[in-house]
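Contents: one structure, followed by commentary.
Just so you know, ligand 1 is whichever comes first in the structure, and atom 1 is the first atom listed for that ligand. For reference, positions follow the sequence shown, starting with 1.
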Amino acid sequence: MVFLGPPGAGKGTQAAVVAKRLGIVHLATGDILREAVRQGTELGQQAKEYMDRGELVPDSLVVDLVMDRISGPDAAAGAVLDGFPRSIAQAEALDGALSRMGSGVDAVVYLRVSEAELVRRLSLRWECSQCRTPYHGESRPPKRPGICDLCGGVLTQREDDRPETVRRRLKVYYEQTAPLLEYYREKGVLAEVDGEEPIPLVTERVLEAIGSTVGRVQRGAWMG
Ligand code: AMP
């Protein structure tokens, strides 16, 4: 399952809840890359300059990393991909790898959010430095300022949520990632959900959309 949408659409929030509800693994390439940067691994050192500029990290660094994870034992029952694929080339690599495993993308959830709302969300976005739970200054504030409700960790802002980097990330999204909407629509797996509704309502809509898309795809396959 793939979550698509611009930065700030709520992919991370929704993908985490949906993965938990369905009992499958949540794979967020942005989180994996940020962790690599924090740990100073070779991957992290190479990825950092692209991330700081709000650009896509080259496929040579990202694609194998995702392929490794989805072919691992914890993804045997499936995975929710959040932040991957982000280009047609990545989507083709994913399709190729999954079809070699006798599998495929069952559903793609597109979270639709207006640009004005995205900018508002990103500028007020915070996350826990320990468990990575997302917060928002207005719509989802922590109970105690600066402290994570779940684990007590300190909240921080992402470096790439600065206004000029946000603009760059949105441009990259519209140029390189948005064409995936048509790619998956043609395959009949795209489900569109209004991402501006309250978080729990979006979750319900996402689960309904996944149910009907997967049902339709499976019925289609069954009917030949
Ligand atoms: P995210 O947390 O999904 O907003 O990702 C943060 C940053 O990580 C992006 O702006 C990119 O620089 C990088 N990144 C995450 N996923 C990918 C991907 N699939 N391909 C290339 N770069 C990525």
Side-chain angles (χ1 to χ4, degrees), residues 1-16 18-19 25-39 41-70 75 79-98 105 108-111 113 115 117-129 131-136 155-181 183-184 195:
M1 193 167 302
V2 168
F3 271 77
L4 261 188
K11 298 187 297 294
T13 302
Q14 296 298 337
V18 167
V25 68
H26 171 205
L27 266 180
T29 41
D31 288 350
I32 296 170
L33 292 169
R34 276 186 292 279
E35 188 54 33
V37 171
R38 271 190 293 274
Q39 295 192 349
T41 64
E42 203 178 320
L43 167 70
Q45 286 171 21
Q46 290 176 10
K48 188 176 185 317
E49 57 173 306
Y50 298 95
M51 296 173 77
D52 285 349
R53 286 202 300 265
E55 287 169 11
L56 293 189
V57 171
D59 286 352
S60 55
L61 297 179
V62 177
V63 171
D64 287 351
L65 186 145
V66 176
M67 300 312 149
D68 267 9
R69 299 281 182 106
I70 58 171
V80 177
L81 298 183
D82 155 13
F84 186 95
R86 258 180 155 96
S87 64
I88 297 281
Q90 291 185 1
E92 288 172 348
L94 178 65
D95 280 345
L98 288 176
V105 173
V108 177
V109 177
Y110 166 48
L111 296 176
V113 175
E115 193 165 339
E117 174 65 8
L118 294 172
V119 172
R120 193 187 74 85
R121 285 185 184 183
L122 292 169
S123 61
L124 289 169
R125 176 158 85 168
W126 292 82
E127 67 172 11
C128 174
S129 56
C131 73
R132 303 285 143 216
T133 298
Y135 291 88
H136 186 270
L155 303 188
T156 54
Q157 248 182 329
R158 280 173 45 171
E159 279 193 26
D160 59 356
D161 281 345
R162 284 186 312 242
E164 65 283 8
T165 319
V166 164
R167 275 193 292 277
R168 175 88 197 132
R169 286 165 62 209
L170 286 173
K171 188 167 183 285
V172 167
Y173 168 78
Y174 290 117
E175 285 175 5
Q176 302 193 48
T177 310
L180 288 177
L181 295 175
Y183 178 89
Y184 285 122

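- Using a distance-only test at 3.5 Å, with no hydrogens or angles considered, no donor-acceptor pair links the side chain of Gln45 to the main chain of Ala36.
- With hydrogens and angles ignored, the 3.5 Å screen pairs no side-chain donor or acceptor of Thr165 with any backbone N or O of Asp161.
- In the vicinity of Thr29, heavy-atom distances shorter than 4.0 Å reach the ligand 1 atoms 15 (C), 16 (N), 17 (C), 19 (N).
- The residues Arg125 and Glu127 are annotated as not salt-bridged, no charged nitrogen and carboxylate oxygen being separated by less than 4.0 angstrom.
- From the protein, the heavy atom lying nearest to atom 13 (C) of ligand 1 is Leu33 CD1, 3.6 Å.
- The protein non-hydrogen atom at the shortest distance from atom 20 (N) of ligand 1 is Gln90 NE2, 2.9 Å.
- In summary, Glu49 and Arg53 engage in a salt bridge, as defined by a charged side-chain N under 4.0 Å from a carboxylate O.
- In this structure, of Thr177, Val57, Asp160, the residue bringing a heavy atom nearest to atom 21 (C) of ligand 1 is Val57.
- An N or O contact shorter than 3.5 Å is missing between Tyr50 and ligand 1 by distance.
- Applying the side-chain hydrogen bond (donor to acceptor under 3.5 Å, both in side chains) definition to pairs two or more places apart or across chains, those involving residues 27-36 are Asp31-Arg34, Glu35-Arg38, Glu35-Gln39.
- Of the options Glu55, Lys11, Arg86, Met51, the smallest heavy-atom separation from atom 3 (O) of ligand 1 is shown by Arg86.
- Residue Pro85 has no N or O atom closer than 3.5 Å to an N or O atom of ligand 1.
- Side-chain N or O atoms of Arg69 include none that pairs as donor or acceptor with a backbone N or O of Val66 at under 3.5 Å.
- Between Glu117 and Arg120 there is a salt bridge, with a side-chain nitrogen of the basic residue lying less than 4.0 Å from a carboxylate oxygen of the acidic one.
- Shown in contact with Val62 at under 4.0 Å from a heavy atom are these atoms of ligand 1, numbered in order with element: 18 (C), 19 (N), 20 (N), 21 (C).
- Contact atoms of ligand 1 toward Arg169: 4 (O) (distance under 4.0 Å to a heavy atom of the residue).
- Contacts of Glu49 with ligand 1, taken as heavy-atom pairs under 4.0 Å, are absent altogether.
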**OP:** In sequence, state the C-alpha distance, the side-chain angles, and the governing distance for Leu33 and Leu61, and then conclude on side chain to side chain contact (heavy atoms under 4.5 Å, CB included).
**Re:** CA-CA 10 Å; Leu33 292 169; Leu61 297 179; 5.8 Å; no
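- Polar contact with ligand 1: present for Arg34 (N/O pair, distance under 3.5 Å).
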